Amino acid sequence: MLDPRLLRADPHGCAERLATRGYRLDVERLAALEERRKALQTRTQELQNERNRNAKSIGRAKAEGRDLAPLLAQVEGLGAELKAVEAELGAVLAELEALQLTIPNLPHASVPVGPDAGANREVRRWGEPPRFEFEARDHVDLGARLGGMDFEAAARISGARFVVLRGVLARLQRALTQFMLDLHTRSHGYTEVYVPYLVNATSLRGTGQLPKFEEDLFAVRGDAGLYLIPTAEVPVTNLARERIFEPGDLPLRYVCHTPCFRSEAGAYGKDTRGMIRQHQFEKVELVQVVAPEESYAALEALTDHAEAVLQALELPYRTVALCTGDLGFAAAKTYDLEVWFPAQGTYREISSCSNFEAFQARRLQARWRNPATGKPEPVHTLNGSGLAVGRTLAALLENHQQADGAVRIPAALRPYLGGLDRIGPPA
RNA sequence: GGAGAGAUGGCCGAGCUGGUCGAAGGCGCUCCCCUGCUAAGGGAGUAUGGGGCUAAACACUCCAUCGAGGGUUCGAAUCCCUCUCUCUCCGCCA
């Protein structure tokens, strides 16, 4: 949610900045609603004030034993009028809120302006794409040869876009997860958290998945109104909801491993092969809650933390600053990390690191007491994948494959696999 | 799953035979005074969100909030209904 005061004070400025990300802000509609809101709210409060004063004078009169009839006659009709105005105000506020909840965040000034992914700006590259003396296999082939990556079994059990891992590949996924958690907790100052995988609608509204992106979510049957988490971002960021932090409490740095569930409605036909786009995948997520003036330094640091995983795993990647048109709904600025996939001969997203500024914090009512003003003000929130484990597994298989179909295990990961330095097809 | 109890400000805790209660009292915290150190004592202040006013802020003022939502009433922390959560006992269970 944008700052309602800013939206009121400078709607055209907001509209201009939102236009760079392809969102058209209906300034007239907003102004009309705002005008009605102001009139109705003022009127409501006047009537409430009148009611309160009347009630008090009746109370006094009763205490003094005076006749209440004339006073009661005086307030007749006031209640009905108040009720009517309140109802109208409620409707306008609901409409205003519904509109505000669907307005995306303002892009930061440093975000390159452009209509789509084509305008994204590469900021750096790390590592050399491997050159093979043979035809590079993709992770699906490699997985099949190694044994233990079974899409057919998953389809039988659940349907398309699931995978069953067995044996060394299941262990490899677990090893990757452990490695990432250890790196972030030991070297990057994050605290590991364990959180619910089912969350309520309020939590999803807080981080921005609702109301706009309900079709991407799996809702759980029954009347509890719960959803499967699409990312750990939701429960972890909601740790800050309805809280007021003291300056000394910040920054909060959390790392969390969870499965993620995405319905990916409408995405069928794209990236259908392999573990790249699944309904269920593992992810290690980094979340930070920081004082506003720290947030852009925190974004750089958080991105470095995610990059450190790729470097330790010796996976070539590039870092891309998303342009205004490619930015996610809630983000003010985003760096995507794209890892090299040899079989496709291209870089593909494996992490997305974003600063949401106060956009989520305002929806969450996540605040800190700014020592400069002494008042509660929204914090800034950030998150990034550190990393998506399924895609990391796929990238690792593909980048470290050998001519014989075996896969080299990078040194950093070996302690998590009992010292194994390669995994090969069963003898 | 069954039975019962409860949810009040940063914390504890009164109020709950409806009226001057946004809420006693205590603790904590902040500021001031006093005290030649530490201790003790006196005074003032100390919730959150929103509206109006303002170029903005301060100040001022109004509204809302006593778990959430609805209802009764001129008036609800107090009465009624629904929901959520917490605690105790029993059962079940990884």
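Lettering follows sequence order; numbering is per chain, from 1. Side chains included, hydrogens not; waters and symmetry mates left out as well; all remaining heavy atoms used. Everything numeric here is computed off the predicted structure, so don't read it as measured data.
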When the side chains of residues 92-108 of chain A are checked against the rest of the protein, which donor-acceptor pairs come out under 3.5 Å, sequence neighbours left out?
| unit_1 | atom_1 | unit_2 | atom_2 | d |
| --- | --- | --- | --- | --- |
| T102(A) | OG1 | L99(A) | O | 2.9 |
| N105(A) | ND2 | A330(A) | O | 3.0 |
| N105(A) | ND2 | F356(A) | O | 3.2 |
| H108(A) | ND1 | S110(A) | N | 3.1 |
| H108(A) | ND1 | S110(A) | OG | 2.7 |

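- Residues from residues 236-247 of chain A lying near RNA chain B, meaning a heavy-atom separation below 4.0 Å, are I244(A) in numerical order.
- Scored by the salt bridge (charged side-chain N to carboxylate O under 4.0 Å, His left out) test, R369(A) finds E246(A) as partners (sequence neighbours excluded).
- For the residue pair T237(A)/Q360(A), the side-chain donor-acceptor check at 3.5 Å is not satisfied.
- Judged by distance alone, the side chains of Q288(A) and Y190(A) do bring a donor and an acceptor atom under 3.5 Å apart.
- Closest to the side chain of P376(A), out of rG50(B), rG52(B), rU48(B), is rU48(B).
- The stretch residues 53-91 of chain A touches RNA chain B through A55(A), I58(A), G59(A), R60(A), K62(A), A63(A), L72(A), V75(A), K83(A), each having a heavy atom under 4.0 angstrom from the strand.
- In RNA chain B, consecutive stretches of 3 or more Watson-Crick or G-U wobble pairs with both distances under 3.5 Å are given as paired ranges: B:1-7 with B:84-90, B:10-12 with B:25-27, B:28-33 with B:41-46, B:47-52 with B:60-65, B:67-71 with B:79-83.
- Spacing between rG13(B) and rC66(B) at atom C1', rounded to whole Å, works out to 13 Å.
- In this structure, the side-chain contact (heavy atoms from CB on, under 4.5 Å) partners of E152(A), at least two apart in sequence or on a different chain, are D150(A), R156(A).
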Give the intermediate values and the outcome of side chain to side chain contact (heavy atoms under 4.5 Å, CB included) for residues R391(A) and E349(A). CA-CA 9 Å; R391(A) 287 187 185 183; E349(A) 179 187 341; 4.0 Å; yes
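- Contact annotation: K375(A) side-chain N/O to rG49(B) OP1/OP2 distance is not under 4.0 Å.
- Of the N and O atoms on the side chains of E282(A) and H257(A), at least one donor lies less than 3.5 Å from an acceptor on the other residue.
- Residue pairs meeting the side chain to side chain donor-acceptor pair (under 3.5 Å) criterion with at least one partner in residues 3-23 of chain A, sequence neighbours excluded, are R8(A)-E34(A).
- Proximity of residues 3-18 of chain A to RNA chain B (heavy atom under 4.0 angstrom from any strand atom) is restricted to R5(A), R8(A).
- When the side-chain nitrogen and oxygen atoms of R51(A) are compared with OP1 and OP2 of rA64(B), one or more of them lie within a distance under 4.0 Å.
- Contact check for L393(A) versus L397(A): side-chain heavy atoms found under the 4.5 Å cut-off.
- Side-chain contact annotation: T207(A) with E233(A), donor-acceptor N/O pair under 3.5 Å absent.
- Remark: the separation of the P atoms in rG75(B) and rC63(B) is 15 Å, to the nearest Å.
- Here ring-ring contact (aromatic ring centres under 6.0 Å, His included) pairs that include residues 204-247 of chain A, with residues two or more places apart or in two chains, are F213(A)-F329(A), F218(A)-H279(A).
- Pairs passing the salt bridge (Lys or Arg N to Asp or Glu O under 4.0 Å) check and including a residue from residues 181-195 of chain A, sequence neighbours excluded, read D182(A)-R186(A).
- A distance-only check finds a donor-acceptor pair linking the side chain of Q278(A) to the backbone of G274(A) [under 3.5 Å].
- Looking at Y317(A) and Q311(A), their side chains come closer than 4.5 Å, going by heavy atoms from C-beta outward.
- The shortest distance between the side-chain N/O atoms of N49(A) and the OP1/OP2 oxygens of rG52(B) is not below 4.0 Å.
- Place E34(A) and G374(A) on RNA chain B by their nearest nucleotides, and G374(A) ends up nearer the 5' end.
- In this structure, the side chain of S57(A) engages the main chain of N54(A) through a donor-acceptor pair within 3.5 Å.
- Shown here are the salt bridge (charged side-chain N to carboxylate O under 4.0 Å, His left out) partners of E46(A), two or more places apart in sequence or in another chain: R43(A).
- Of the residues in residues 93-101 of chain A, none has a non-hydrogen atom less than 4.0 angstrom from any atom of RNA chain B.
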